[in-house]
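Have a look at the structure below, then the notes.
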2 protein chains.
Amino acid sequence: MTTARTPTGTTPNRGRRAGRSTGDDREVAILATAERLLRERAFGDISIDDLARGAGISRPTFYFYFPSKDAVLLTLLDRVTEEADAAAGDVLDRLAEDPRARWRELIARFHATFGGHRDVVLACAQVRGTNAEVRRLWAEVLERWVRAVQAAIEMERARGAAPDALPARDLAIALNSMNERVWYATFAGDGPAVAERDVVDVLLDVWLTAIYRTTTPPVTPSDRTP
Amino acid sequence: MTTARTPTGTTPNRGRRAGRSTGDDREVAILATAERLLRERAFGDISIDDLARGAGISRPTFYFYFPSKDAVLLTLLDRVTEEADAAAGDVLDRLAEDPRARWRELIARFHATFGGHRDVVLACAQVRGTNAEVRRLWAEVLERWVRAVQAAIEMERARGAAPDALPARDLAIALNSMNERVWYATFAGDGPAVAERDVVDVLLDVWLTAIYRTTTPPVTPSDRTP
DNA sequence: GATCGGACTCGACAGGGTGTTGACCGGGGT
DNA sequence: ACCCCGGTCAACACCCTGTCGAGTCCGATC
């Protein structure tokens, strides 16, 4: 992680206030208002005035807490990615136990996290095109996940469970990209999309065949018989 | 195709003019200006005034030719998708000849088309979040491609070349989605991306393993020995 | 050759959103 | 008693969008 962190918390301080004071609840009120409004309309249709009024303050006062509308969304996105990281946990370190089950667990947990905050995720996808900061943050997060998957694939190859084929990094990028786009379509509901109940299994199937050439990868290392 | 078409041309008339007249070159001037400006900055940073001045007209006059800035982009997108459709041709009907080569041809041609108009494609991806019309058109185009791939997969399964597994439609959606997102990252260059020279082969590999469970699918039907 | 109508053009305005400025208020430390 | 400072907002300057009404040009019509 390269972003600066506040001394008090673990999330980057996208607001302006340095120390703590009574204005803390105003900040969370803005955040809460944003999440509520996001449930009923698109991010672009929410004005700073809406956010301010929803939090019981005037528009100029909004700027005391956040430098822009986008910064609010960025804070929301931080929470979601952190939750996803936590949900993923260390499943990738325990792949050899039962590869299929572990990969499924990984995908299912990401699915649950994103699905639980679909409004925020959808809004981020929308503004990623126009906002460089969101783009940067998402790129950073994705890079971390790509690296983790890449390392896991290399581990599986090392233990002989997966064949050497594509560069692990390229494969990791392709699979992560697929998940992102497929989830987006499923949550957004516009255009061709996989049904929500099936999406985890569909993604899992493509991951397993791309990594192992089979949907039933071997559980224990083939060359270790202690 | 469900969109209305002008009597004169083959593309939907996103401009306003009904008959032809001297204003034709103004319309293409706007389109050309849009493509040129898109090469140097983001769509959101281009104002209608920029487009108008670039075409040598005033801002109100712009509205005589297009109802909005987005309509210009929509016209540009039409061209690209039509070119992609033409480039794809009938490769999917000739899969049995040499599956690997045909699939590669399909992906490579799409890659070439999108890569040749990357500014337009990138801009469309950007506004898809905020513009319902772009979203609708893209969904329509994607649906067509998904159906074509789905049919091809079912054909390959019928001739015994590919195993029955995931519903063909879900698989087609996942693979098309992956391509879209991976190309976007490669062309945009932000965040983890596959290098442009490798991207076709990376995508191909995932497609083949997901569809056939192997990267060397059989060329001729297994049960036909005349 | 006058006139008419439609294609075409733009100056000017209204509306709505953003970001900033300067002043004001209230309370805790000195 | 004072003053700094967190917190607050009315008012302003700015930019962009979309529209309206008035004007020009030109081929078709009488």
Side-chain angles (χ1 to χ4, degrees), chain A residues 6-9 13-31 33-34 37-38 41-74 123 126-127 129-134, chain B residues 6-9 13-31 33-34 37-38 41-74 123 126-127 129-134:
Chain A
T6 56
T8 55
N13 185 7
R14 308 220 179 267
R16 277 179 167 162
R17 296 171 327 88
R20 66 176 43 256
S21 97
T22 64
D24 249 349
D25 37 2
R26 290 285 150 84
E27 193 167 328
V28 311
I30 292 173
L31 258 4
T33 302
L37 291 183
L38 236 26
R41 48 193 148 128
F43 185 69
D45 294 335
I46 299 172
S47 73
I48 290 183
D49 201 47
D50 293 332
L51 258 21
R53 294 197 175 283
I57 56 179
S58 76
R59 202 170 56 81
T61 302
F62 168 91
Y63 287 100
F64 181 79
Y65 293 99
F66 291 94
S68 71
K69 199 173 61 162
D70 293 356
V72 176
L73 189 57
L74 229 25
Q126 281 182 14
V127 302
T130 60
N131 181 289
E133 197 58 21
V134 169
Chain B
T6 58
T8 55
N13 184 6
R14 308 218 180 271
R16 277 180 166 162
R17 297 172 327 89
R20 67 174 44 260
S21 99
T22 64
D24 249 348
D25 38 1
R26 291 283 151 82
E27 192 169 327
V28 311
I30 292 174
L31 258 4
T33 302
L37 292 182
L38 237 24
R41 47 191 148 127
F43 185 69
D45 294 335
I46 300 173
S47 72
I48 290 183
D49 202 46
D50 293 332
L51 257 20
R53 293 194 177 286
I57 56 179
S58 75
R59 203 169 54 78
T61 302
F62 168 92
Y63 287 101
F64 181 80
Y65 293 98
F66 292 94
S68 72
K69 199 172 63 163
D70 293 354
V72 176
L73 189 58
L74 229 26
Q126 281 181 13
V127 301
T130 60
N131 181 291
E133 197 58 21
V134 170

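Numbered from 1 within each chain, the chains take letters A, B, ... in sequence-line order.
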Distance below 4.0 Å between B:T61 side-chain N/O and C:dC10 OP1 or OP2: yes
Partners of A:A42 by side-chain contact (heavy atoms from CB on, under 4.5 Å), sequence neighbours excluded? A:D45, A:Q126
Could you state the CD1-P distance from B:I57 to D:dG23, rounded to the nearest angstrom? 22 Å
Could you pull out the protein-nucleic contacts involving nucleotides 13-18 of chain C (nitrogen or oxygen on both sides, under 3.5 Å)?
residue, atom, partner, partner atom, Å
C:dT18, OP1, A:I48, N, 3.4
C:dT18, OP2, A:I48, N, 3.4

Nucleotide D:dG6, atom P - distance to OH of A:Y65 in whole Å: 11 Å
Please find the pair of heavy atoms, one from A:V72 and one from A:A34, that lie closest to each other, and give the distance. CG1-CB, 3.7 Å
Minimum side-chain heavy-atom gap A:F66-A:L31 below 4.5 Å: yes
D:dT17 C1' sits how many Å from B:F43 CZ, rounded? 13 Å
What is the distance from CZ of B:R53 to P of D:dC16, rounded to the nearest Å? 11 Å
Could you state the atom-to-atom distance from CZ of B:F64 to P of D:dC20 in whole Å? 16 Å
Mind listing the closest non-hydrogen atom pair of A:A52 and A:F62 along with its distance? CB-CB, 4.2 Å
Just so I know, are the side chains of B:I30 and B:I57 near enough to count as touching, which here means a heavy-atom distance under 4.5 Å? yes
Consider the side chain of B:P60, meaning its heavy atoms from C-beta on, and name the nucleotide among C:dG11, D:dA11, C:dT9 that approaches it most closely. C:dG11
Indicate yes or no for a side-chain donor-acceptor contact from B:K69 to the backbone of B:I46 under 3.5 Å, with no hydrogens or angles considered. yes
For atom CZ of B:F62 and atom P of D:dT17, their distance in whole Å: 9 Å
